[in-house]
Amino acid sequence: MRGPAGFLLCSLLLVAPCCTEVATQEVQPDPKTPCANWMGGAPGYPGHNGLPGRDGKDGKDGEKGDKGEQGVQGPKGDQGEIGIPGQEGPRGFPGYPGQKGEKGEGAFVYRSAFSVGLTARAPHPNVPIRFTKIFYNEQSHYDASTGKFLCSIPGTYYFAYHLTVYLMDVKVSLYKKDKAVIFTYDQFQKNNVDQASGSVLLHLSTGDEVWLQVYGEGDNNGVYADNINDSTFMGFLLYPDLDGH
């Protein structure tokens with residue numbers, strides 16, 4: 001358009017943008033528009049922390065991982081308590097015999113024993129009866145000349161006698177160190193042969209003597225022996241006194 005009409009139209013178009021700029025100073029423009037000529041204010045204070053959220057659900061197990069390398073061996077632990085013994089196992093086969101060992105030193109054996117018999121028909125009363133028939137007297141601890149046993153090994157001994165009684169009564173006693181220990185009496189029955197016996201355990205010390213002896217008068221001396229009847233006396237060591245020998 002040319003002439004006055006065109007000039008007027010151009011003037012109006014130039015005035016319109018200025019009015020629009022004045023209006024934008026009174027009304028805050030939208031900051032999102034690209035044409036906003038706006039300056040931001042000072043930043044605000046941080047807000048308070050919110051409450052923790054609720055725990056979520058457990059996730060699914062993942063796939064099994066590869067086996068790791070063996071770790072370093074730890075220190076040895078304390079010894080545990082002894083357990084209950086187990087059941088006995090089956091018996092094994094016998095082993096082979098071992099080699100024969102060397103001969104050891106023999107232990108000393110304490111021996112003392114005697115066994116004797118009467119040869120005289122009527123021994124004298126009130127003296128030791130001399131048994132002169134020797135059955136056993138290897139250690140010679142019995143003396144046939146005196147009729148006495150002499151203790152050489154202190155310990156406990158057993159003594160016994162078995163006497164044939166004939167023609168008259170018998171009273172005998174076993175003596176130890178001049179003291180009667182036991183007594184035996186047998187009353188003779190006419191037209192018969194009797195037997196009298198006795199036994200005792202005695203502890204003897206070295207040097208003690210033991211013997212048999214008829215006591216009383218001559219009418220009590222019926223101890224008898226012949227070729228078919230014996231009167232015997234015996235004794236032996238049971239065990240020695242190891243502390244004193």
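- Taken from CG in Asn192 to CD in Gln195, the straight-line distance is 9.5 Å, to the nearest 0.5 Å.
- Residue Gln139 comes nearest to Arg111 through the heavy atom pair CG-O, 3.5 Å, listed as atom of the first residue, atom of the second, then distance.
- Note: Leu163 CG to Leu212 CG = 6.5 Å, rounded to the nearest 0.5 Å.
- Atoms CD and OG, on Glu138 and Ser115 in that order, are 13.5 Å from each other to the nearest 0.5 Å.
- Residues Tyr175 and Ile129 are members of separate hydrophobic clusters, defined by side-chain heavy-atom contacts under 4.5 angstrom among Ile, Leu, Val, Met, Phe, Trp and Tyr.
- Within the 3.5 Å criterion, the main-chain N or O of Asp230 finds a donor-acceptor partner in the side chain of Thr164.
- Interatomic distance, CG of Leu204 versus NZ of Lys176, reported as 5.5 Å (0.5 Å rounding).
- Between Leu237 and Thr156 the shortest heavy-atom distance is CD1-O, 3.5 Å.
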N/O donor to acceptor pairs below 3.5 angstrom from side-chain atoms of residues 66-78, sequence neighbours left out:
none

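- The backbone N or O of Tyr224 sits less than 3.5 Å from a side-chain atom of Ser231, completing a donor-acceptor pair.
- Side chain of Lys177 to main chain of Gly207: no donor-acceptor pair is present (N/O by atom type, distance under 3.5 Å, no hydrogens or angles).
- Criterion: ILVMFWY side-chain heavy atoms under 4.5 Å apart, direct or through other members. Under it, Val214 and Val181 are part of a common hydrophobic cluster.
- With sequence neighbours excluded, no residue forms a ring pair (Phe, Tyr, Trp, His ring centres under 6.0 Å) with Phe135.
- Taken together through direct or relayed side-chain contacts under 4.5 Å among Ile, Leu, Val, Met, Phe, Trp and Tyr, Tyr215 and Leu118 form parts of separate hydrophobic clusters.
- When hydrophobic clusters are built by joining Ile, Leu, Val, Met, Phe, Trp and Tyr residues whose side-chain heavy atoms come closer than 4.5 Å, directly or via intermediates, Tyr157 is not grouped with Met234.
- In this structure, Asp226 and Ile228 approach most closely via the heavy-atom pair OD1-N, 2.9 Å.
- Annotation for His124: atom NE2 does not count as buried by contact number, only 12 or fewer foreign heavy atoms lying within 6.0 Å.
- With Tyr161 as reference, Leu174 is the one residue of Leu174, Val223, Thr232 to meet the side-chain contact (heavy atoms from CB on, under 4.5 Å) rule.
- Judged by distance alone, the side chains of Tyr185 and Gln187 never bring a donor and an acceptor atom under 3.5 Å apart.
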Residues Phe114, Phe233; criterion ring-ring contact (aromatic ring centres under 6.0 Å, His included); working and verdict = CA-CA 8 Å; Phe114 73 96; Phe233 178 39; 5.2 Å; yes
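- Under the 4.5 Å side-chain contact rule for hydrophobic residues, Val116 and Val200 share a cluster.
- Looking only at atom types and distance, the side chain of Glu209 has no donor-acceptor partner in the side chain of Trp211 under 3.5 Å away.
- What you find for Ser199 and Tyr158 is that their closest heavy atoms are CB-OH, 3.3 Å.
- A donor-acceptor contact shorter than 3.5 Å links the side chain of Asp194 to the backbone of Gln189.
- Using a 4.5 Å heavy-atom cutoff, the side chains of Ile182 and Phe159 are not in contact.
- Glu102 CD to Lys100 NZ: the interatomic distance, rounded to the nearest 0.5 Å, is 11.5 Å.
- Phe188 and Tyr166 make their closest contact through CE1-CA, 3.8 Å (heavy atoms, listed as atom of the first residue, atom of the second, distance).
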Enumerate donor-acceptor pairs with a distance under 3.5 Å from any side-chain N or O in residues 140-151 to protein atoms, sequence neighbours excluded.
unit_1	atom_1	unit_2	atom_2	d
His141	ND1	Ser112	OG	2.6
Tyr142	OH	Phe131	N	3.1
Tyr142	OH	Phe131	O	3.0
Asp143	OD1	Ser145	N	3.1
Asp143	OD1	Ser145	OG	2.6
Asp143	OD2	Ser145	OG	3.2
Thr146	OG1	Asp143	O	3.4
Thr146	OG1	Lys148	N	3.3

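- Across Ala196 and Asp186, no two heavy atoms sit closer than the pair CB-CB, 3.9 Å.
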